[in-house]
Number of protein chains: 2
Amino acid sequence: MPTISDVADRAGVSTATVSRALNGKSTVDPDLVARVRKAAEELGYQPNGPARNLRRQEAAVIALIISDVENPFFTAIARGVEDVAHEVGYSVVLCNSDENADKENRYIDIAIQERVAGVILSPTGTTTSVEKLTKRGTAFVAVDRPLPGQESDVVLVDTRLAARQATAHLIDQGYQRIGCITGPSGVRTADDRLAGYRDALKAARRRSTTKLVRRTEYKAAGAHRAAQDLLDQPEPPDALLVANSAMAVGVLQALQEHGIRPGKAVGLVAFDDAPWAALVDPPLTVVAQPAYEIGTVAARLLLARIADNTRPPTATTLGARLIKRGSSQR
Amino acid sequence: MPTISDVADRAGVSTATVSRALNGKSTVDPDLVARVRKAAEELGYQPNGPARNLRRQEAAVIALIISDVENPFFTAIARGVEDVAHEVGYSVVLCNSDENADKENRYIDIAIQERVAGVILSPTGTTTSVEKLTKRGTAFVAVDRPLPGQESDVVLVDTRLAARQATAHLIDQGYQRIGCITGPSGVRTADDRLAGYRDALKAARRRSTTKLVRRTEYKAAGAHRAAQDLLDQPEPPDALLVANSAMAVGVLQALQEHGIRPGKAVGLVAFDDAPWAALVDPPLTVVAQPAYEIGTVAARLLLARIADNTRPPTATTLGARLIKRGSSQR
DNA sequence: ACCTTCCGGGTAATGGATTACCCAGCTTCT
DNA sequence: AGAAGCTGGGTAATCCATTACCCGGAAGGT
């Protein structure tokens with residue numbers, strides 16, 4: 001594996017000149033630049049990243065720690081981050097914390113060890129892990145969920161309001177016993193969606209009862225069990241607010257198994273406008289979150305913070321959009 | 001940011017001992033290990049990754065370059081790779097090449113520069129980019145698609161056979177004018193699925209015509225246009241083989257817009273058992289590929305090659321499974 | 001013509017962890 | 001008791017790119 005000195009020898013210059021020529025930081029005679037380029041090319045020289053990062057004390061890399069690679073919401077965020085990062089020459093590495101605080105912690109340790117320029121993460125809940133980042137002065141931005149008690153840059157969706165509007169829509173449509181299947185307690189989006197659901201019931205002077213609420217992990221399997229459970233009750237719900245698209249899959253399955261067609265019998269609104277949402281029968285009413293935009297905004301915030309870590313933390317809240325389709329029409 | 005010497009000072013030992021104590025490579029007095037651990041803990045010491053990797057000439061990291069983060073097939077592979085890698089203490093960084101040879105190239109350069117231990121990739125087609133890996137002696141494994149003319153470890157699905165079986169199933173069901181919407185020419189899986197489709201037609205002594213075949217990028221939008229186009233022909237197809245789940249979305253949309261319910265009028269089989277496939281109406285017949293397993297197998301192959309780069313290349317071909325549902329029943 | 005300034009480019013220090021090499025001290029064997 | 005062997009741990013070399021510092025020569029000023 002050729003090193004910078006090999007290039008220097010071949011070009012007949014010093015290593016300093018090679019470095020300067022290749023990085024273009026300082027002015028170097030165009031002839032020399034050409035010679036260096038040629039030598040590097042011929043040797044197939046690739047700079048040694050660790051050596052460079054060691055010296056520079058920072059790598060042009062952003063770590064993106066998301067809680068579920070299989071969730072289209074998070075992969076859309078990833079696209080947004082990537083697009084912005086690439087524009088300015090940063091690379092993005094994607095880490096999957098799997099909604100697991102240990103894994104998240106592990107990836108944060110790795111990010112610190114590798115001296116990445118910054119971290120974007122959807123925190124699993126515990127605030128402890130990011131304290132390390134704060135202590136080291138590593139720039140970071142939280143997405144989708146805030147960090148309890150932490151002053152940090154954060155990009156959120158007004159998910160409580162969105163849940164409220166979605167529930168209000170179900171009320172408008174005449175559904176009476178509206179239930180809610182949301183994520184685990186402690187996960188902020190799950191709590192907020194539940195809170196928004198309750199806000200709407202309260203505003204409509206409806207009693208809310210825990211009998212119609214289920215909490216489970218943000219996955220199809222959990223939601224499937226929860227929906228089964230709700231539907232098997234003596235007084236089953238006639239509508240459901242479902243907190244993400246993976247859960248919607250589980251709920252739709254359960255309805256299918258009960259021979260219930262969404263819409264008339266059981267109204268349905270789910271979070272996240274999955275690509276297939278309009279294809280099921282009837283088409284699924286959804287709360288579309290601006291995932292890609294979350295990614296771009298977060299990346300820009302992070303870059304700003306990398307440039308200046310003293311700037312005051314910014315909280316950006318983006319709106320969600322209710323897309324009314326057949327599954328919530330009586 | 002504390003360094004190893006800070007830890008050494010605090011524990012009253014040399015840096016060599018700290019390194020040995022923390023990495024457990026050589027025997028160190030248990031008392032000293034405890035003292036070192038304590039000192040490291042108190043200082044919040046995190047080893048400097050670049051320095052370590054520089055010295056070790058390799059990072060315990062696997063780069064996984066996939067062609068589409070938003071495709072569940074690839075994210076499932078990612079899970080498989082991750083699970084195996086984590087067991088043995090490797091980290092996985094996910095890179096999204098977006099079916100774009102330039103991006104793939106760029107990520108390969110980065111992987112080389114960062115001296116990752118190995119690379120798993122779904123090649124976009126051009127063989128040139130991986131030559132660099134071969135030249136450097138960086139271990140790598142191709143997944144989903146082979147590398148033309150390259151002897152390398154590779155994990156594939158027998159997608160040609162699967163396409164043939166899927167098409168044969170459509171023939172069995174009595175469909176007459178079976179069409180095919182597949183990926184771009186040059187992408188091996190796309191070519192293979194088309195070849196399998198033709199194999200089946202030939203075996204059934206049907207004439208195959210290019211009028212019923214469309215090629216487009218592996219995305220919903222392209223497939224949507226392709227399906228529109230096919231359906232608007234004077235003699236439209238009465239069945240379609242669709243080469244992945246994103247494309248299936250586009251095709252289902254087009255059918256919806258034409259007011260055609262899949263199944264009776266137009267039989268449908270798509271590759272990839274997406275979570276929603278059973279939820280559309282009628283449920284979608286699919287070719288389920290063992291994506292997670294591809295990931296685990298690829299990771300194990302890569303680890304074996306990292307350990308011994310002289311071992312002969314292995315090609316693993318996994319089978320796919322046709323799941324018959326309503327969309328292919330007359 | 002001489003002095004100052006500027007600029008391109010070389011020399012060598014630097015970043016931090018790992019590890020080859022060496023040494024001190026203890027065990028064990030003759 | 002002396003030699004040989006072993007073991008735990010310290011010293012310093014090493015990995016490689018970047019960059020502070022310095023120097024020689026050219027340009028410009030008086």
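Throughout, protein chains are lettered first and strands after them, A, B, ... in sequence-line order, and every chain is numbered starting at 1.
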Within the structure, does a side-chain N or O atom of A:Ser14 lie under 4.0 Å from either OP1 or OP2 of C:dG9? no

At under 4.0 Å between heavy atoms, what does B:Thr3 touch on the DNA or RNA strands: base, sugar-phosphate, or nothing? sugar-phosphate

Would you call B:Asp29 and B:Arg20 a salt bridge, using N to O less than 4.0 angstrom? no

Is any NZ, NE, NH1 or NH2 atom of the basic residue among A:Asp98 and B:Arg79 found under 4.0 Å from an Asp or Glu carboxylate oxygen of the other? yes

Specify the residue among A:Gly12 and B:Thr15 whose closest nucleotide of DNA chain C lies further upstream toward the 5′ end. A:Gly12

Residue whose nearest DNA chain D nucleotide is more 5′ - A:Met1 or B:Thr17: B:Thr17

In whole angstroms, the gap separating P of C:dG8 from CG of A:Asp31 amounts to 13 Å

Among A:Asn244, A:Ile77, A:Ile66, find the residue that satisfies the side chain to side chain contact (heavy atoms under 4.5 Å, CB included) test when tested with A:Asn71. A:Asn244

Residue whose nearest DNA chain D nucleotide is more 5′ - B:Gln57 or A:Asn23: B:Gln57

Check ion pair B:Asp144-B:Arg188 (N to O, under 4.0 angstrom): no

OP1, OP2 of C:dT14 versus side-chain N and O of A:Arg55: anything below 4.0 Å? no

Over how many whole Å does the gap from B:Leu32 atom CG to D:dG8 atom P extend? 11 Å

How close or far is atom P of D:dC16 from atom CD of A:Gln46, stated in whole angstroms? 15 Å

Give one of base, sugar-phosphate or nothing for A:Ser26, where a contact means two heavy atoms less than 4.0 Å apart. nothing

Among the candidates D:dA20, D:dT18, C:dA17, find the nucleotide nearest to the side-chain atoms of B:Arg52. C:dA17

Report yes if a side-chain nitrogen or oxygen of B:Asn48 is closer than 4.0 Å to either non-bridging phosphate oxygen (OP1 or OP2) of C:dG15; otherwise report no. no

Contact under 4.0 Å: B:Tyr45 side-chain N or O vs C:dA17 OP1/OP2: yes

Using whole Å, report how far CG of A:Asp29 lies from C1' of C:dG10. 15 Å

To the nearest angstrom, the NZ-P distance between B:Lys25 and C:dT18 comes to 9 Å

B:Ile4 side chain: which of C:dG9, C:dT18, C:dG10 is closest? C:dT18

Report which part of the nucleic acid A:Val28 touches: base, sugar-phosphate, or nothing (heavy-atom distance under 4.0 Å, all strands). sugar-phosphate

Return the value, rounded to whole Å, for the distance between atom CG of A:Leu22 and atom P of D:dT19. 13 Å

Would you say the base of C:dG16 and the side-chain of A:Arg115 have a donor-acceptor pair closer than 3.5 Å? no

Whole Å only: how far is the CD1 atom of A:Ile112 from the C1' atom of C:dG16? 17 Å

Salt bridge or not for B:Glu104 and B:Lys132, using N-O below 4.0 Å? no

Lys/Arg-Asp/Glu bridge criterion (N-O < 4.0 Å) met for B:Arg37, B:Glu41: no

Separation of A:Arg56 atom CZ from C:dA13 atom P, in whole Å? 22 Å

